[in-house]
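Ligands are counted one by one from 1 in listed order, and the atoms in each one are counted from 1 as well. For the single chain, residues carry numbers from 1 onward in sequence order.
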Amino acid sequence: MSNKSDVRKITTNTLQKMKENGEKISMLTAYDFSLARIVDSAGVEVILVGDSASNVIAGHETTLPITLDQMIYHGASVVRGTSRALIVVDLPFGSYQGNSREALNSAIRIMKETGAHAVKLEGGSEIIDSVERIISAGIPVMGHLGLTPQSIYKFGTYTVRAKEKMEAEKLISDAKLLEKAGCFSIVFEKIPSKLAKEVTGELSIPTIGIGAGPDVDGQVLVLHDLLGITHEFNPRFLRRYLNLHDQISNAISEYVSDVKSSNFPNESESYD
Ligand code: KIV
């Protein structure tokens, strides 16, 4: 029988070696114990406790409302369900943009109160002081460039980022800045494939894409999108592997009908 400590764990070094060996990295979100357990045992290397929990778990329109306490609740639940994957928790909007001291305090709370292994922050030069301060405290940081949903009201749209030369140049310089600051990896969200390929070639740390084409070092999706629970969200980059929305809905309709017709429970589902 194996227990948690027998399993070879994924570390930031594992991801670096995977890049060096040309082995692709798989990353998925999870927000709770039960699904984290499935995601982990299915072999995903990185579990992201994304602030997309604000959308898919809490039903908010954006990622802005989710709080640090709520991220910690989700993070700790995922950690309890995970044996092997590296767990990264998003620093939520408002917990790191103010100043680097606040950013460090938020990152420390996540590490202490969840047991996760790393944090993710959105942005480049604007937040570099915070990134450096968190890393200097020994906390691994994943960057996030391109479409950064916490800044949605600045951009006003979820369209592809960095199509224009100036924005593409800023993305490349931000990526290099984050690498120099010591980030162990960077997520690129919704940027042209050609740009993602170019910057991946220029960085020595692994890049993870979502809507960034095939030429990055790994891919990430929101679990609820991949499983087809969020069936009304249909960006071009999304590949749905299941239609759980319909399967769950059909199962629940059948249950309702069985209850109403007294078909559930039957004798074998009842006690003498
Ligand atoms: O919060 C999230 O799920 C994310 C991914 C989309 C990368 O940041």
Side-chain angles (χ1 to χ4, degrees), residues 15 24-32 35-36 39 44-68 70-75 77-78 85-97 106-107 110 114 116-124 127 131 140-152 155 157-162 171 174-175 178 183-191 196 200 205-213 216-227 229-230 233-240:
L15 304 183
K24 295 277 188 179
I25 297 163
S26 60
M27 170 161 145
L28 262 185
T29 65
Y31 317 99
D32 68 274
L35 286 175
V39 170
V44 158
E45 281 93 17
V46 185
I47 296 183
L48 172 66
V49 184
D51 59 359
S52 48
S54 180
N55 308 110
V56 299
I57 302 296
H60 293 295
E61 210 172 297
T62 72
T63 57
L64 275 68
I66 200 160
T67 65
L68 184 58
Q70 288 164 342
M71 289 305 298
I72 287 170
Y73 169 80
H74 289 298
S77 307
V78 166
L86 181 89
I87 302 167
V88 182
V89 178
D90 267 338
L91 282 190
F93 177 68
S95 72
Y96 64 96
Q97 291 92 346
S106 302
I110 286 186
T114 69
H117 311 120
V119 295
K120 176 163 80 60
L121 282 69
E122 294 183 6
I127 55 145
V131 169
V141 172
M142 177 178 261
H144 184 154
L145 297 172
L147 173 59
T148 47
Q150 292 179 12
S151 315
I152 187 57
F155 296 103
T157 158
Y158 286 99
T159 53
V160 180
R161 296 294 197 268
L171 184 136
D174 278 345
L178 290 171
C183 284
F184 70 92
S185 174
I186 303 174
V187 167
F188 293 134
E189 181 163 353
K190 236 173 162 185
I191 63 169
T200 294
I205 56 172
T207 60
I208 310 286
I210 173 163
V216 281
D217 301 308
Q219 299 290 333
V220 57
L221 283 176
V222 168
L223 181 63
H224 290 57
D225 297 338
L226 173 153
L227 295 176
I229 297 174
T230 50
F233 178 62
N234 283 305
R236 174 188 183 139
F237 65 75
L238 174 59
R239 186 178 295 178
R240 285 196 199 292

Enumerate the atoms of ligand 1 whose separation from the nearest heavy atom of [X] is less than 4.0 angstrom.
X: Thr29; result: 3 (O)
X: Asp90; result: 1 (O), 2 (C), 8 (O)
X: Val222; result: 3 (O)
X: Ile210; result: 6 (C)

Exercise. His224 and Tyr31: aromatic ring centres closer than 6.0 Å?
Worked result: yes
Exercise. Are Thr200 and Thr207 linked by a side-chain donor-acceptor pair shorter than 3.5 Å?
Worked result: yes
Exercise. Counting both backbone and side chain atoms, is some N or O of Ser52 under 3.5 Å from an N or O of ligand 1?
Worked result: yes
Exercise. Among the heavy atoms of His144, does any lie under 4.0 Å from an atom of ligand 1?
Worked result: yes
Exercise. Does Lys120 have a heavy atom less than 4.0 Å from any atom of ligand 1?
Worked result: yes
Exercise. Among Val39, Leu221, Ile208, Leu86, which one satisfies side chain to side chain contact (heavy atoms under 4.5 Å, CB included) with Met27?
Worked result: Ile208
Exercise. Per the side chain to side chain contact (heavy atoms under 4.5 Å, CB included) rule, which among Thr114, Val89, Ile57 passes with His74?
Worked result: Ile57
For this session: Could you find the nearest protein heavy atom to atom 5 (C) of ligand 1 and give me its residue, atom name and distance?
Result: Leu48 CD2, 3.7 Å
Exercise. Are any non-hydrogen side-chain atoms of Glu122 and Asp51 less than 4.5 angstrom apart?
Worked result: yes
Exercise. After noting the C-alpha distance and the side-chain angles of Asn55 and Glu61, does the key distance pass the side chain to side chain contact (heavy atoms under 4.5 Å, CB included) rule?
Worked result: CA-CA 6 Å; Asn55 308 110; Glu61 210 172 297; 5.7 Å; no
